[in-house]
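The basis for the numbers below is simple: all heavy atoms, side chains too, and nothing from hydrogens, waters or symmetry mates. First the proteins, then the strands, lettered A, B, ... as listed; each starts at 1.
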Amino acid sequence: MSFEHHQIPADLLAWYDLSARDLPWRIGPAARKAGIRPDAYRVWLSEIMLQQTTVAAVKPYFERFVARWRSVEDLADAETDDVMAEWAGLGYYSRARNLHACAKIVAHGHGGRFPPTAALLKALPGIGDYTSAAIASIAFDEPAPVVDGNIERVVTRLYRIKAPLPAAKTAIRRTVAAITPTERPGDFAQAMMDLGATICVPRTPSCLICPIAAHCAARSAGDQALYPVKPPKRAVPSRVGAAFVALRRADGAVWLRRRPAPSMLGGMAEAPSTDWSARADGETHAASAPFTAGWVHAGTVEHGFTHFKLALEVYRAEVETVTGVEGWWAPPDRIAEQGLPTLMRKVVARAIAAEPALAKEKRPARKQRTASIRLEAEPEGSFSLVDDAAAGTRRPPRPRRRTRRTSARWSKG
DNA sequence: AAGACGTGGCT
DNA sequence: TAGCCAAGTCT
């Protein structure tokens, strides 16, 4: 098989010329061959956003970022809180912090130009092995070995690499370096990623239409499903906590504060919440309310993170004002601008959807619809309360069975 | 160097 | 449903 290695780039690039995905941060293969290079700012921004994140999720964020900040200098001059708020919902928020730090270095330390080699790029915050190679090859034509999850899959199949990840990374990188062409290295990297994303997919790869099936050892052996070999996953533990949503009686504004930078969701806005502990009960929640108010249990929000599951008990209270604690009021029509991560959007949505305690006493008990109600950020920046169960949206009916929770009323002290 | 770090879509 | 997975980086 090895005597055919030199054919891989040619066959793959021929396929890419016809089948390249049209993405907002890309220039097409035709433009690239005409000597046009993509804007390094857009390449960098897209690569940071795409870390562990799907293309579909990234697209609207990318469009909003480049519309708001047209250059790396613009982004460097933005307020960090604005950058964080614009990032809200994309996840892995240290990326946004590093993004802004990187923009400042490039704008004020490198004259607004990204350094053009992988080695130099890798010194910048948020740019590691993959991203440095991707930017260097796509924006600057350096034949740096680009290795992401797609390419790991493609290469372990091409060469039947049986060593489990991540130990196999060194061998994979060496292999990618050996087949990366000096002509069109950026298109080669993007072609490999397109192949992994559309044909050489994890479960059932479409080998019949693969442009490099002829060079694939796993395809020959028929064991392509075995690669890449990965270690078993650890079970994810559960944590619990409570969140407190104060609503200003006058206008329905929500009291928010900022989470400390180095923590989970660091630097993002939140409705004040307790620590998220491995084990806790109502007593802990009560003692941890941020201030005294008529807190009423409004339901539970469940949220899955990478390394733990979280169940947050949501309490709401209607108040005149708040004193003695750090934070700010977010008017109801401006909640979308506050930079609430998805977990906290769920929390606020749950609290707003909960019926006021007084009304509740007058009405017959009604089943809670915790998971069907959500806050949705509209593209224009508005923020709407969506009730899937009532609105007749044509989502497949979700199996919903939720134990009715009694509203516990208590106040601090 | 293994674990922290988000979220949404798909099976 | 519950798990798996996605253009990784940092410590």
Distance check needed: [N] [atom2] versus [X] [atom1], whole Å only.
| X | N | atom1 | atom2 | answer |
| --- | --- | --- | --- | --- |
| A/Ile151 | C/dA6 | CD1 | P | 12 Å |
| A/Gln52 | B/dG9 | CD | C1' | 15 Å |
| A/Glu302 | B/dT7 | CD | C1' | 16 Å |
| A/Glu86 | B/dG6 | CD | P | 18 Å |
| A/Leu121 | C/dT9 | CG | P | 12 Å |
| A/Tyr61 | B/dG6 | OH | P | 13 Å |
| A/Lys169 | B/dA1 | NZ | P | 14 Å |
| A/Arg259 | B/dC5 | CZ | C1' | 12 Å |

Phosphate contact ([N] OP1 or OP2) by [X] side-chain N/O below 4.0 Å:
| X | N | result |
| --- | --- | --- |
| A/Gln51 | C/dG8 | no |
| A/His307 | B/dC5 | yes |
| A/Tyr93 | B/dT7 | yes |
| A/Lys233 | C/dC5 | yes |
| A/His303 | B/dT7 | yes |

**Asked** Ring centroid separation for A/His307 and A/Phe305, is it under 6.0 angstrom?
**Response** no
**Asked** Start at the 5' end of DNA chain B and walk down; is the nucleotide closest to A/Gly304 or to A/Pro166 reached first?
**Response**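 Looking at the nearest nucleotide for each, A/Pro166 comes out on the 5' side.
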Sidechain N-carboxylate O distance under 4.0 Å for [X], [Y]:
| X | Y | result |
| --- | --- | --- |
| A/Arg32 | A/Asp17 | no |
| A/Arg258 | A/Glu270 | no |
| A/Glu302 | A/Lys309 | no |

Counting side-chain heavy atoms from CB outward, which of [options] is closest to [X]?
| X | options | value |
| --- | --- | --- |
| A/Arg234 | B/dG6, B/dA4, C/dA6 | B/dA4 |
| A/Thr306 | C/dG3, B/dC5, C/dG8 | B/dC5 |
| A/Tyr130 | C/dG8, B/dT7, B/dC5 | C/dG8 |
| A/Phe305 | B/dC5, B/dT7, C/dC5 | B/dT7 |
| A/Arg95 | B/dG6, B/dT7, C/dT9 | B/dG6 |
| A/Pro202 | B/dA4, C/dG8, C/dC5 | C/dC5 |

Once you apply a heavy-atom cut-off of 4.0 Å, does [X] come out as touching a base, just sugar-phosphate, or nothing?
| X | value |
| --- | --- |
| A/Met49 | nothing |
| A/Arg97 | nothing |
| A/Ile127 | sugar-phosphate |
| A/Leu23 | base |
| A/Ser46 | nothing |
| A/Trp25 | base |
| A/Leu343 | sugar-phosphate |
| A/Val55 | base |

**Asked** Starting at the 5' end of DNA chain C, which residue's closest nucleotide do you reach first, A/Met193 or A/Pro125?
**Response** A/Met193
**Item:** 5' precedence on DNA chain C between A/Asn98 and A/Arg153 (nearest-nucleotide basis)
**Value:** A/Arg153
**Item:** Separation of A/Arg97 CZ from A/Thr80 OG1 (nearest 0.5 Å)
**Value:**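 One finds 6.5 Å between OG1 of A/Thr80 and CZ of A/Arg97.
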**Item:** Distance-only donor-acceptor test (3.5 Å): side chain A/Thr342, base B/dG6
**Value:**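 Flag unset: no donor-acceptor pair detected.
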**Message:** On the side chain of A/Thr53, is there an atom forming a donor-acceptor pair with the base of C/dG8 - under 3.5 Å, no angle test?
**Reply:**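 When only heavy-atom distances are counted, A/Thr53 does not reach the base of C/dG8 through any donor-acceptor pair under 3.5 Å.
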**Request:** Please say whether the positively charged group of A/Arg113, taken as NZ for Lys or CZ for Arg, lies over the ring of A/Trp44, i.e. under 6.0 angstrom from the six-membered ring centre and within 45 degrees of the axis.
**Result:**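 The answer is no; the distance or angle limit is not met.
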**Prompt:** A/Phe188 ring centre to A/Arg184 NZ or CZ under 6.0 Å, with the angle to the axis within 45°?
**Reply:**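 Judged by the rule, A/Arg184 and A/Phe188 form no cation-pi pair.
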**Request:** Please state the P separation for the pair C/dT11 and B/dG6 - nearest whole angstrom.
**Result:**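 To the nearest whole Å, 14 Å.
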